[in-house]
*Asks:* 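Handing you this structure, nothing more for now.
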Amino acid sequence: MLWTRWLVLLLWFGATSAEQQQQQDERDGHRAEVKSDPRRQRSSPPVEPLDFGFVPAAVYDTHAYYEPGTIGILFHMVHAFLYAVQPNSFPKDLIVRVIQQNMGGIKIEEWRKPENVLLLLQWIHYESGFLICAVFGIVFVVLTPIVATCFCMCRCCDNCGGEMHQRQRKNADCHRGFFTASLIATTIFIILGVFVAYAANHNVSTQIKSTRRLINTNMRDLKTFANNTPAQIEYLTAQYTTAKNKVLSDLDNIGPLLGARIHSHLGKEVVPALDAALRMAGAMRETKEALENVSSALEILQEGMGKLQASLTGERSSLSNTLSDPACTNGAVSPTCNTIRSTLPQLGVNADFSKLPDVNHALTNINTVLKVDLSNFVQKGYASFNDTSALVKEQTRNIVTGVKSMLDKIGSEITAFSKMFPVESSLANFTIFLNDRHKVIESFYPQIDQMDFYRWIACVAVLCTVVLILAFNVLGLLCGTCGYDRQATPTTRGCLSNTGGNLLMAGVGFSFIFSWVLMGLVTTLFVVGGNVEKLICEPLANRQLFKIIDTPFLVHPEKRNFLPGMLFQNPNIELTLGSMYRECYENNGLYHALQLENIFNINSFLNRTVYNKDLAKVFEGVQVDLKDIMLLDQAGRDNLMNFANAGVGEIDYPAYLVEVNKGVTVVDLLSFCSDLEDQADQLPRGALENALKGHASSIRTIHREQVVPLEQAMKYVRARSTLSQSIKLLQRTSNDLPVKVTNILSAIDAAEYLITHNASHVVKQETKAFVQSLVGYFKQYTEWVKNSLTAEVAQCKPISNMVDSMEIVACSFIVDSVNTFWMGLGACCLLLIPSIIFSVKLAKYYRRMDTEDVFEDGQENWN
C-alpha cells in the first residue's frame, strides 16, 4: 500500500517506550544503589531545560458533527420505536461466536449441530421484535389481496354493502356524521404520514449535497496531513541542533563548569583549611596590637599609680609622726589615737601595676614573626586552588575537540539517515494519489445525482399512490358533504352526492390495490433499515462495533489482532481499531496511534548516535593533574610554628586581670578623711586635734588633686579598658595555641594529600556528572521527539474524521431518512384499513340507491 511507505518515515524520530523504560529502570536501579551506599550518595547535577519550540501544527477543516434540525424529532421517534421493537443490548458476544463458527462456512447439515442450533435460537430471540413485526407485515401483504378479492365477490353478490338499498333509521344522521369525522381524521393522519415520508425522502437528496462538502473537507485534511508532515519531520531533525549547540556551549565552558564542580568538591576540604590559616594570620596581627596595647597601657598605669603611691606614703608617714606626739599617751586620748593608728595601713594604693610581668619579649617575637606575611602565602594558596578551572580547560582541550568532532559526525549521520527515505517524494505521490481519487469520486457525482433523482422519483411515485387514495377520499368527502340533501330519499339523491360516494368507493378500490404492495415495501425497508440501525449505526456510534472487530482471533484462529495483521503482517502487536480511533479522535500523532515503534525501533539508531557510548569513553580518559597546586609553602608553615612558640602563652594573664579589676586606693579617701575628722572631734581641743584635721584636709587635697583626675582622665580609663580587653584577647589567642597551629597544618596537609592522591577519583566522579548533564540534553531532545510524535507530528484527526463522516453519511443521512420514510409510509398503510372501513360505510349515505324503505300505517316495512 502506498500510504504505508511514507507512514514508516516517521519511525526514526522517537525512542520506543520499551527501551526507554528499560533505560529508566536502569537509572532507577542506579539511584537505589546510590541510596543504599551513603559513600556514593550525591545528587545529580541539574540539567538546564531546553526550549525546542512548537512543532508546526496542521489545521483541519472537517467538523464531523451533524445536527439534523427539525427532522431530528422524527429521527428520535424512529429510534424510540426501534428501541420498543428491539430493547435488547448489542449482542457482541453472539456476533463474535457466529463469526468465529461460520468463518469457514457452514453447510446445511451442520445447522443441526447443538452449538449452531443454540446460536440460531439466540439470534431468533434477539430478532424477535423484528420477526414479529415482519410476520405482521407479511400477513398484511398476503391477506390484503385475499380480503380484497373476497370483498369484491361479496359485493357482487349484493352483500358486504353491495346491495343498492339503504335502510333508513332514526339515527342515520348520527352515523353519517361519525363516519365522516372518522374518515376526515384518518385522512389527516394519512396526510401527516405522507408529509413525514416526503420529508425523509427530500432529506436524503438534501444531505447528499452535504456529502460532497464532507468529502471535500476530508480530502483537504488528508492533503494537509501529507503536506505538513515533511515540515514537521524537518522541524524535528532541525531541533537536534538546539541540543547540540547547548552541548557545544557547555564544552566551550568546560573549565568553569567541570572545573567549578571539581573545585567545589575539593573545596570542602581545602577552603576550610586555608580559611583557618588566614584567620590565624589575622590573629597574629591582633596579637601584636594587643601586646603593644598592653605595653603602652602598662606604662601609663604604672606612672600614674607611682605618683599617687608617693603622695599617700608621705601623708601616711606624716600622720604616723603626729600620732607619736606625747599628747596621745594621755589615758583619755590614747584609745582614739590607737584607733587612728590602726587605719594607717589603709592609706595606700590598691592596684600595683609595677609587679606585672613585662610583655616586651613576646612582642619582640611577634614582630619577628610578622616580618613574614602569612596572609600573602595563604592568598597564593587560594589563587593556586582557584586556578582549577583554567587547568581543566587547558588539560581537556584535545578531548573537547574530539567530542565536538564526534557531535558533528552524529549530526551528519542523522541527516544522512533522514535522507535515506524519500519522505517528500513519497508524500508527494500520496498527494497525487489523493488528487486522483478525488477526481474519480467527483466523476461519480453526476451518476450519484442521477441515481438520487431516480430514487426521489420512485419514492414520490410510491407516495403518489397514497396521495391518489387521499384525493379520492378528500374529493369524495367534499362532493358527498356538499351534495348531500337531508330531504332527499336514498333513491332521489343528487348527482354530486352520488359522485362523492363513488369517489369514496374508488378510494377503497385503490386502497386494496396498492396497500399490500406498499406494506411489502414498508416491511422490507423496516427489516433492513431497522437491523442496520441496531446492528451497525448504534454500535458504531457507541464504538461497540470496534470491539467486535478488535476481538482476538476473530478473523483467524492463529492471528490475534486483525488490524496489525492487515497493516504490518504482524497480528501479535497490541493494536486495535478502537485504540487507533481513540488516539486519532484526540488528534494524537499517527506514530503513537498505529504503535509504529513495534515495527521500526529507533532506539538502536539513537544508541549508536545520540546516546553514543564513545562519548562517555572519551571523557573516561580525562586526566586533570592538580599536583602543582600548593596551598601553603614551607615558609608559611615555619611562620605558623614561630607564632605558636613566640611566648604569648607564657604571660601571666590572671595576674593582669586581678590588678586591672582592683580600685585605685585601698579605701575611699573621702570616707577615710571623714572618719579621721570624727576621731579628731573626740579629742580635747588643742594642737593634736588641729593636726589631725590638717592631715584630713591634706588627704582630701590628694584625693581631689590626684585620685579624682586619675579616675576621670580618659587616658587612664582608656588604658585600663585597653589593658583589660587586650589581656582577654591574648588569653583567648594563647589558649592551646600550639594545638590550634598543629590542627591548621594538619588540615592543610590533609587537603594537599586529597589533591595529590584522590583528585583523580574526584575528577572521574565530576566528569561523569558532567557527561550526564550533556547526555541529559540529548535525553531532553529524544523525550521531546517522543512527545511530539505522540501528540503533534502527523496528527491523525483526519482518520477519525473519515470514520465519523462515513457514520454521518451512512447513518444520519441515509439510514435515519430511510427509517423515517418507512415509518411514515407504514403509518399510511395501517391507516388505510380504517380508511377503507369508514369509506365503505360513508359511501352508503352518499350514493343513489335503487330501492328504499316505504312506511305504511306507522309500520316500517322493508322492500
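Source: prediction; values computed, not measured.
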*Asks:* Take V809 and Y66 through the side chain to side chain contact (heavy atoms under 4.5 Å, CB included) test and state the conclusion after the steps.
*Replies:* CA-CA 9 Å; V809 172; Y66 172 63; over 6 Å; no
*Asks:* Within a reach of under 6.0 Å around CH2 of W784, are more than 12 heavy atoms found that belong to other residues, nucleotides or ligands?
*Replies:*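 For W784, atom CH2 is crowded (more than 12 foreign heavy atoms under 6.0 Å).
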*Asks:* Would you check if there is a donor-acceptor pair between the side chains of N819 and H79 at a distance under 3.5 Å?
*Replies:*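 Side chains of H79 and N819: no pair found under 3.5 Å.
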*Asks:* Taking all heavy atoms of G529 and all of V815, pick out the closest pair and write down the distance.
*Replies:*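 Here G529 and V815 meet closest at O-CG1, 4.0 Å.
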*Asks:* Assert yes or no for the condition that the ring centre distance of F526 to F130 is strictly below 6.0 Å.
*Replies:*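 Centroid separation for F526 and F130: below 6.0 Å.
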*Asks:* Taking the side chain as every heavy atom from C-beta outward, state whether K534 and Y126 have any pair of such atoms under 4.5 Å apart.
*Replies:*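 They are in contact (side-chain heavy atoms under 4.5 Å apart), so the answer is yes.
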*Asks:* Specify whether F510 and F514 have parallel, tilted or perpendicular ring planes, treating 30° as the upper limit for parallel and 60° as the lower limit for perpendicular.
*Replies:*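 Taking F514 first and then F510, their aromatic rings lie parallel (interplane angle under 30°).
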*Asks:* Against L518, only a single residue in V466, T144, I469, V141 fulfils side chain to side chain contact (heavy atoms under 4.5 Å, CB included); can you say which?
*Replies:*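 Testing L518 for a side chain to side chain contact (heavy atoms under 4.5 Å, CB included) against V466, T144, I469, V141 leaves exactly one candidate, V466.
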*Asks:* Roughly how far, to the nearest 0.5 Å, is CE of M519 from CG of L143?
*Replies:*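 Answer rounded to 0.5 Å: 11.5 Å.
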*Asks:* Going by atom types only, do T62 and R220 share a side-chain donor-acceptor pair under 3.5 Å?
*Replies:*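 Side-chain D/A pair, T62 to R220: absent.
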*Asks:* Rounded to the nearest 0.5 Å, what separates atom CZ in F821 from atom CG in L463?
*Replies:*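 Answer rounded to 0.5 Å: 4.5 Å.
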*Asks:* Do the side-chain N and O atoms of R582 and N588 include a donor-acceptor pair separated by under 3.5 angstrom?
*Replies:*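 No, because no side-chain N or O of R582 sits under 3.5 Å from a partner of the opposite role on N588.
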*Asks:* Just by distance, do the side chain of N203 and the backbone of A199 share a donor-acceptor pair under 3.5 Å?
*Replies:*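 Pair absent, no side-chain N/O of N203 close to backbone of A199.
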*Asks:* Is any side-chain heavy atom of T180 closer than 4.5 Å to one of Y845?
*Replies:*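 No; the side chains remain at least 4.5 Å from each other.
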*Asks:* Just wondering, more than 12 heavy atoms not from F90 lying within 6.0 Å of its CZ?
*Replies:*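 Buried by this count: over 12 neighbours within 6.0 Å.
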*Asks:* Run through N218, N435, N228 and flag the one making a side chain to side chain donor-acceptor pair (under 3.5 Å) with K223.
*Replies:*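 Exactly one option meets the side chain to side chain donor-acceptor pair (under 3.5 Å) with K223, and it is N435.
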*Asks:* Going by atom types alone, do Y445 and R212 pair a side-chain donor with an acceptor below 3.5 Å?
*Replies:*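 No, because no side-chain N or O of Y445 sits under 3.5 Å from a partner of the opposite role on R212.
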*Asks:* Hey, what do you get for OG1 (T187) to CG (L832), rounding to the nearest 0.5 Å?
*Replies:*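 The distance works out to 9.5 Å.
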*Asks:* Hey, is K439 close enough to D436 for a salt bridge, meaning N to O under 4.0 Å?
*Replies:*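 Salt bridge flag = no for D436 with K439.
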*Asks:* Under a 3.5 Å cutoff, is there a donor and acceptor pairing between the side chains of Q450 and Y454?
*Replies:*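 Yes, because at least one side-chain N or O of Q450 sits under 3.5 Å from a partner of the opposite role on Y454.
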*Asks:* Anything under 30° is parallel, anything over 60° is perpendicular, the rest tilted; go ahead and classify Y198 against H202.
*Replies:*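 Correct class here is parallel.
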*Asks:* Check this for me: does any side-chain nitrogen of one of R543 and E807 sit under 4.0 Å from a carboxylate oxygen of the other?
*Replies:*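 So R543 pairs with E807 through a salt bridge.
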*Asks:* Does the K797 side chain pair with the main chain of Y60, one donor and one acceptor, at a distance under 3.5 Å?
*Replies:*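 Such a contact is absent between K797 side chain and Y60 backbone.
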